[in-house]
Amino acid sequence: MQIGLVGLGKMGGNMRERLRNAGHTVVGYDTNPELSDVASLADLVDQLDAPRTVWVMVPAGRPTQLVIDQLGSLLKPYDTVVDGGNSRWTDDEKHAKELAAHGIGFVDAGVSGGVWGLKNGYALMVGGEKEYVDRLKPIFEALKPEGPYGYVHAGKVGAGHFAKMVHNGIEYAMMQSYAEGWELLEKVESVDNVREVFRSWQDGTVIRSWLLDLAVNALDEDEHLEKLKGFAQDSGEGRWTVEAAIDHAVPLPAITTSLFARFASRQDDSPQMKMIAALRNQFGGHAVESKE
């Protein structure tokens, strides 16, 4: 299958490679000419055969809106735009209406996999009309992990990004739990090998997970996380999850507390946030703040 891909950063660049490895033709565009296959969005569209599919992987908000606006004027009826970034689900509804005015289909895709997606595949949560989603199944099959799981048509437009938002909210709470446990283990005098305690949990325990594996990776690189500053950003999706919970009167105490803990990290050099920062760097390549 042929597809255009806009945004070739950490995620988009690896997605392009994974799709090409699966035999698909990918025409990539990025504002960085060293990464781009073409000189402009117009060139990208010109190189695709109708009906065209263009997958957008740029930051949420204004950058995504600018690309959607340009594609709305460049694409033709029956073409499809996929937003695979971390857009808010309410933006999806707006973008779908804007593109529908030109006869262009729209699919939102929540994508999880971070810097490991090239090797392991990406979990995909997709929203949109069945007609457009079905057309893209060969692309979804190439991107997702091997096996029966890792891809879901979650519902109508906005459902994919809403599902990804909730996924990230759960991720916040899980990371916070590991971080709190790690800090407590580091504090007591009787435990003198915290890293190996974490490693021992990787098999046979109910708290084993990929995040736990990444925590061990981080501790192997810096056993007591002494090189890191206890500061962790939030991507926005944790906030949106809490806001959605308020709108729907759903109690989310663990996720809400984990979000507030990140705010607290900006006031003090929090030991727990060293672990959060290390985990975000491990799975997503997110920047960390060094004590130096």
Side-chain angles (χ1 to χ4, degrees), residues 1-41 43-60 63-64 67 71 75 79-87 105-128 132-154 160-161 163-164 167-168 171 209-211 213-214 217 280-286:
M1 186 172 172
Q2 190 185 54
I3 189 169
L5 185 58
V6 181
L8 302 171
K10 288 180 291 187
M11 289 278 281
N14 283 346
M15 290 169 67
R16 174 174 63 175
E17 185 173 348
R18 186 172 175 90
L19 287 170
R20 285 177 173 171
N21 290 342
H24 296 287
T25 299
V26 184
V27 181
Y29 170 70
D30 194 276
T31 53
N32 181 349
E34 294 182 2
L35 302 175
S36 195
D37 300 319
V38 292
S40 68
L41 269 180
D43 289 342
L44 179 146
V45 171
D46 286 344
Q47 290 198 25
L48 299 175
D49 299 326
R52 304 166 189 82
T53 297
V54 179
W55 189 303
V56 180
M57 289 295 293
V58 301
T64 295
V67 174
L71 291 174
L75 296 174
D79 292 344
T80 306
V81 172
V82 183
D83 180 3
N86 283 331
S87 293
F106 178 82
V107 171
D108 60 285
V111 182
S112 181
V115 296
W116 298 82
L118 173 59
K119 177 182 177 182
N120 298 334
Y122 301 88
L124 303 169
M125 296 141 272
V126 176
Y132 300 115
V133 172
D134 286 351
R135 186 187 299 174
L136 288 159
K137 279 189 176 179
I139 297 298
F140 299 145
E141 289 294 327
L143 288 173
K144 78 173 193 66
E146 293 183 10
Y149 307 115
Y151 159 73
V152 61
H153 183 185
H161 280 144
K164 176 57 164 48
H167 164 280
N168 281 23
E171 174 190 297
S209 73
W210 187 42
L211 279 175
D213 296 341
L214 295 177
N217 287 352
R280 293 180 82 242
N281 178 259
Q282 285 286 325
F283 70 73
H286 300 289

Ring pair (Phe, Tyr, Trp, His ring centres under 6.0 Å) partners for Tyr151, two or more places apart: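 By the ring pair (Phe, Tyr, Trp, His ring centres under 6.0 Å) rule, Tyr151 matches Phe140.
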Has the side chain of Thr80 got a donor or acceptor atom that lies under 3.5 Å from a matching backbone atom of Phe106?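 No.
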Check Lys10, Arg16, Met11 against Met57 for a side chain to side chain contact (heavy atoms under 4.5 Å, CB included) and give me the one that passes.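 Checked Lys10, Arg16, Met11 against Met57; only one passes side chain to side chain contact (heavy atoms under 4.5 Å, CB included): Met11.
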With sequence neighbours excluded, residues passing side-chain contact (heavy atoms from CB on, under 4.5 Å) with Asn120: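 Partners of Asn120 by the side-chain contact (heavy atoms from CB on, under 4.5 Å) criterion, ordered by chain and then number, come out as Trp116.
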For Pro138, check side-chain contact (heavy atoms from CB on, under 4.5 Å) against everything at least two apart and list the hits.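 For Pro138 the side-chain contact (heavy atoms from CB on, under 4.5 Å) partners, ignoring immediate neighbours, are Met1, His24.
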How long is the span from the CG atom in Leu5 to the CE atom in Met15, to the nearest 0.5 Å?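 Reported to 0.5 Å precision, the distance equals 6.0 Å.
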So, for Val27 and Asp37, which heavy atoms are closest and what is the spacing to 0.1 Å?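 Smallest heavy-atom distance, with atoms named: C-OD2, 3.8 Å.
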Which heavy atom in Thr53 sits nearest to a heavy atom in Val82, and how many Å separate them?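 Of all heavy-atom pairs spanning Thr53 and Val82, the closest is CG2-CG2, 4.2 Å.
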Quick check: do Leu41 and Val6 have side-chain heavy atoms less than 4.5 Å from each other?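 Yes, side chains in contact.
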Mind checking salt bridge (Lys or Arg N to Asp or Glu O under 4.0 Å) for Asp46 and listing every partner two or more places apart, or none if nothing turns up?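 Once residues adjacent in sequence are excluded, Asp46 has no partner under the salt bridge (Lys or Arg N to Asp or Glu O under 4.0 Å) criterion.
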Partners meeting salt bridge (Lys or Arg N to Asp or Glu O under 4.0 Å) with Asp30 (sequence neighbours left out):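 If we apply the salt bridge (Lys or Arg N to Asp or Glu O under 4.0 Å) test to Asp30, skipping adjacent residues, there are no hits.
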Apply side-chain hydrogen bond (donor to acceptor under 3.5 Å, both in side chains) to Ser209 and list each qualifying residue two or more places apart in sequence or on a separate chain.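 Expected list: Tyr178.
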